[in-house]
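None of the values given here were measured: they were computed from a predicted structure. Hydrogens, waters and symmetry mates play no part in the numbers below; they use all other heavy atoms, side chains included.
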Amino acid sequence: IERSKEEIEASKTTDEKLLESYSQELYEKNNEIRDVKKELKFLLRKTSFVTSTFGKSYYRLDISKEQFEEIKSKFL
């Protein structure tokens with residue numbers, strides 16, 4: 001016997017509904033974390049250490065202003 005989607009939803013317990021909701025939220029958060037890690041890896045690959053003869057050495061980020069603004073808008 002085939003049940004409709006509405007019948008299946010109506011027969012779910014509160015625990016099943018909460019589990020489904022939490023699973024969906026976990027999936028979305030994992031995707032967000034994956035995206036942040038991807039952006040961080042990109043930034044780290046574009047970073048180089050510059051040794052200065054005068055003053056302190058520093059790290060330089062070799063990306064365009066447009067790329068920087070795009071990344072900045074994603075995180076802020």
Item checked: Inter-residue atom distance D62.CG - K46.NZ, 0.5 Å rounding -> 7.5 Å

Check: Is there a donor-acceptor pair closer than 3.5 Å between any side-chain N or O of S21 and the backbone N or O of K17?
Finding: no

Checklist line | Qualifying residue for side chain to side chain contact (heavy atoms under 4.5 Å, CB included) with F68, from K72, E70, K65 | finding: K72

Next item on the list: Could you pull out all residues at least two apart from T13 that satisfy side chain to side chain contact (heavy atoms under 4.5 Å, CB included)?
Entry: D15, E16

Notebook entry, point to check: Between CG of L43 and NZ of K38, what distance do you get to the nearest 0.5 Å?
Noted result: 12.5 Å

Item checked: Electrostatic pair K37:D35 at N-O distance under 4.0 angstrom -> no

Margin query: Rounded at 0.5 Å granularity, tell me how far CZ in R45 sits from CG in L40.
Written below: 10.0 Å

Next item on the list: Output the distance between atom OH (Y59) and atom OG (S48), rounded to the nearest 0.5 Å.
Entry: 10.0 Å

Check: How far does CD of E39 sit from CG of L44, to the nearest 0.5 angstrom?
Finding: 11.5 Å

Check: Would you say F42 and I71 make side-chain contact, with heavy atoms under 4.5 Å?
Finding: yes

Next item on the list: Determine, using the 4.5 Å side-chain heavy-atom cutoff (strictly less than), whether F75 and L61 are members of one ILVMFWY cluster.
Entry: yes

Margin query: Pairing donors with acceptors under 3.5 angstrom, does anything connect the side chains of Q24 and E28?
Written below: yes

Margin query: What I'd like to find out is whether the side chain of S57 reaches to under 4.5 Å of the side chain of F49, using heavy atoms alone.
Written below: yes

